[in-house]
There are 2 protein chains.
Amino acid sequence: MQSMDNDPEDQDGGADTGAGNRFGPIAASPAYKLVADAIERQIVSGRVRPGEAIGTEADLVKQFGVNRSTVREGIRLLEQGGLIRRDSSRRLYASVPRYDRLATRISRAFVLHEVTFRELWEATMAIESAVVELAADRISDEGLGELDLNLRKSRAAIDKPSELAILDIEFHTILCKAAGNRVLQLAREPENKLFFPTTEMLFQKNPQAARRNVDAHGAIVAALHRRDKADALLWMKRHVNDWKKGFELIGKSIDEPIDRVYAQHVLESNL
Amino acid sequence: MQSMDNDPEDQDGGADTGAGNRFGPIAASPAYKLVADAIERQIVSGRVRPGEAIGTEADLVKQFGVNRSTVREGIRLLEQGGLIRRDSSRRLYASVPRYDRLATRISRAFVLHEVTFRELWEATMAIESAVVELAADRISDEGLGELDLNLRKSRAAIDKPSELAILDIEFHTILCKAAGNRVLQLAREPENKLFFPTTEMLFQKNPQAARRNVDAHGAIVAALHRRDKADALLWMKRHVNDWKKGFELIGKSIDEPIDRVYAQHVLESNL
DNA sequence: TCATCTCCATTGTCGGACAAGCGGATGATG
DNA sequence: CATCATCCGCTTGTCCGACAATGGAGATGA
């Protein structure tokens, strides 16, 4: 398995090992990067609040004393990073990095690194287990209502694989929202984008899978109604396990990397 | 708790609800974005392999039929996204998104969204538990050796909070590498950047914490040597729990958001 | 063959220019 | 006076052209 974090061209030079190699390589950044970094620091440090307007390009030209083209290139860096955004008038505002954007990039990185379904599945097992336990503690009546509604819709759509797959994603998303943990929420986004979409395929090739899916959801919801954390956890583990069984049942190996063309399709649908 | 994924200006217009609202808003992207998207598709789809050279700016100008400035702005978007990179000669090559770069962005997003230590801690508990279980199955003798070495260094540095904090991060990083799961590896990066660095503070204010930390590491390593998954898991949970206790012991609330200035410092050290 | 040098290609940066579009000011109207 | 339509100016997106610095490749020499 290849590592993901090797990088021969490390700017920082790593930890200084002893007395030799005193000076690390100097980072001679181009001006557009310096512009981007300067603005980024203002935002991250909180000196510019999210929603607050960044100056116009002309302002930045004056402040930084560089050409407008240079400013614009710097802005492009930040724009992709999600730290600034444009409203309808295309003016620039500071922003908090968007969530789904990050999730898309994370998922894309996994695809490019040829992460296997096994890795995805193991992470799913861990995260969803934690989510359901937290949800058992914290879910509100409103959250339970959402789950009930989702469950009813799922039972109605049990013969429609594509609809059911969407409802499956929705189910777990509701659950995670109820768990009230944004770190787990982001950590489980790759599941939404890469893992759960495969359920549609499973439902198509194996009608049994659809029923087991909805049954598991039902059992989890019932357990949450009773605030029965242990039972909810048990069913969640079964539920995630079922995916693996289903995957193997249709003759695919869980150890193969996520299919690139498939994932590209999925990721582009919500670029 | 605020949601992280609301966005009134959604480009896609969401799911079409019934027959009304047939046409979603048209995405009239500027040319530089079209350029970036075009190149991105080439890379993500695999038509351009990582490491392969992208044409020069002049080439792209010819291919896309736009001005060089426009091409350059498009390139800046991709550059920040990590899909292309420049070698020493500043030439452009396709690349796989770097891992630590992504991790930094994720962590920064958490800070800006004012995620609480509780959320981080809950995620840590889930992820580290999964990691140690997988590691118990998969760790090699070499991995065990690395852990042994880390443990020895930790015991030697038990009175040096800053060193010990670094060794603590290293311990969990080794463990995750041994678990052989890159999804979890990325998911736990925010711990490295935001959660574990707080241990230095704990060690400083409470010498007991350092000892408990190293003891827990020792117990985990011993369990892994015996391939005793249950015991390793038990000690890991204690270990993560200790952090919470220590945090409360020094009078801080686990429900407060991650301190912005502190986090900025940590994140900038490996920008 | 190997080291050195020169020249060229390429990037980074600059200056200027213009069309399109939005915001706000201005004016008209009830 | 309030509401609405119109217009002007600012801002962005795009284009053009230019030049210094620098790395690489090929030419040149030992």
Side-chain angles (χ1 to χ4, degrees), chain A residues 8-11 25-40 42-43 48 51-95 271, chain B residues 8-11 23-40 42-43 48 51-95 271:
Chain A
E9 189 197 344
D10 199 309
Q11 289 266 6
I26 294 182
S29 298
Y32 66 83
K33 189 159 181 42
L34 296 177
V35 168
D37 288 344
I39 299 176
E40 172 171 338
Q42 292 288 317
I43 297 176
V48 177
E52 196 171 326
I54 311 286
T56 66
E57 293 178 2
D59 291 338
L60 297 175
V61 165
K62 271 189 290 184
Q63 291 179 43
F64 290 111
V66 297
N67 192 270
R68 182 164 159 240
S69 305
T70 306
V71 167
R72 284 176 64 82
E73 290 190 31
I75 287 175
R76 294 303 159 245
L77 290 182
L78 296 178
E79 186 180 325
Q80 181 69 354
L83 277 176
I84 64 180
R85 57 184 307 182
R86 305 192 302 282
D87 68 355
S88 64
S89 78
R90 296 173 305 189
R91 245 191 286 270
L92 293 173
Y93 295 93
S95 170
L271 185 66
Chain B
E9 189 196 345
D10 200 310
Q11 289 266 6
F23 298 106
I26 295 181
S29 298
Y32 65 84
K33 189 159 182 44
L34 296 178
V35 168
D37 288 344
I39 299 176
E40 171 172 339
Q42 293 288 318
I43 298 176
V48 178
E52 195 171 327
I54 309 286
T56 67
E57 293 178 1
D59 291 338
L60 297 175
V61 165
K62 270 189 290 185
Q63 291 179 42
F64 289 111
V66 296
N67 191 270
R68 183 164 158 239
S69 305
T70 305
V71 167
R72 283 176 63 82
E73 290 190 31
I75 287 175
R76 294 304 160 241
L77 289 182
L78 296 177
E79 185 180 326
Q80 182 68 355
L83 278 176
I84 65 180
R85 58 184 307 180
R86 304 193 301 283
D87 67 356
S88 63
S89 78
R90 297 173 305 188
R91 245 192 285 270
L92 293 172
Y93 296 92
S95 170
L271 185 66

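Just so it is clear, the structure is predicted and the values come from calculations on it, not from any experiment. Below, chains carry the letters A, B, ... as their sequence lines are ordered, and counting in each starts from 1.
Of the candidate nucleotides D:dT14, C:dG12, C:dC14, C:dG12 has the atom lying nearest to any side-chain atom of B:R72. Ranking D:dC15, C:dG12, C:dC14 by closeness to the B:V66 side chain, first place goes to D:dC15.
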Is there any protein nitrogen or oxygen under 3.5 Å from a nitrogen or oxygen in nucleotides 9-11 of chain D, and what are the pairs?
none

Report, one pair per line, the protein and nucleotides 18-20 of chain D atoms (nitrogen or oxygen only) whose separation is under 3.5 Å.
unit_1 : atom_1 : unit_2 : atom_2 : d
D:dA18 : N6     : B:R68  : NH1    : 3.3

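Closest approach of B:I54 and B:A94 over heavy atoms only: CG1-N, 3.9 Å. Considering all non-hydrogen atoms of both residues, A:A36 and A:L77 come closest at CB-CD1, 3.8 Å. Nearest approach of A:A38 to A:F64, heavy atoms of both residues: CB-CE2, 3.6 Å. Looking at every heavy atom in both residues, A:S95 comes nearest to A:R85 through OG-CD, 3.4 Å.
A straight line from CZ of B:R76 to C1' of D:dT14 spans 17 Å, rounded to a whole angstrom. A straight line from CZ of B:F64 to P of D:dG13 spans 19 Å, rounded to a whole angstrom. Distance B:E73 CD to C:dT11 P: 16 Å, rounded to the nearest Å. One atom, OH of A:Y32, and another, C1' of C:dC14, lie 16 Å apart when rounded to the nearest Å. When rounded to the nearest whole Å, the span between CZ of B:R86 and C1' of C:dA9 equals 17 Å. Separating the NZ atom of A:K33 from the C1' atom of C:dT11 is a distance of 16 Å, rounded to the nearest angstrom.
Here B:A31 pairs with B:T70 under the side chain to side chain contact (heavy atoms under 4.5 Å, CB included) rule; sequence neighbours left out. A:V71 is linked by a side chain to side chain contact (heavy atoms under 4.5 Å, CB included) to A:L60, A:V61, A:V66, A:I75, counting only residues two or more places apart in sequence or in another chain.
When the side-chain nitrogen and oxygen atoms of A:N67 are compared with OP1 and OP2 of C:dT13, none of them lie within a distance under 4.0 Å.
Residues in residues 58-71 of chain B take part in these salt bridge (Lys or Arg N to Asp or Glu O under 4.0 Å) pairs, two or more places apart or across chains: B:E57-B:R68.
At a threshold of 4.0 angstrom between heavy atoms, the contacts of B:T70 are confined to the sugar-phosphate backbone, with no base atom among them.
Taking NZ of A:K33 as the reference point, atom CD of B:Q80 lies at 6.0 Å (rounded to 0.5 Å). The structure places OH of A:Y93 at 12.5 Å from CZ of A:R86, a figure rounded to the nearest 0.5 Å. Atom CG in B:L78 sits 11.5 Å away from atom CD in B:Q42 (nearest 0.5 Å).
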Query raised in the report: Would B:R76 and B:E73 satisfy salt bridge (charged side-chain N to carboxylate O under 4.0 Å, His left out), going step by step from the backbone distance to the final call?
Result: CA-CA 5 Å; B:R76 294 304 160 241; B:E73 290 190 31; over 6 Å; no
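When the local axes at the two ends of the helix from C:dT1-D:dA30 to C:dG30-D:dC1 are compared, using 5 base pairs at each end, they differ in direction by 10° after rounding to 10°.
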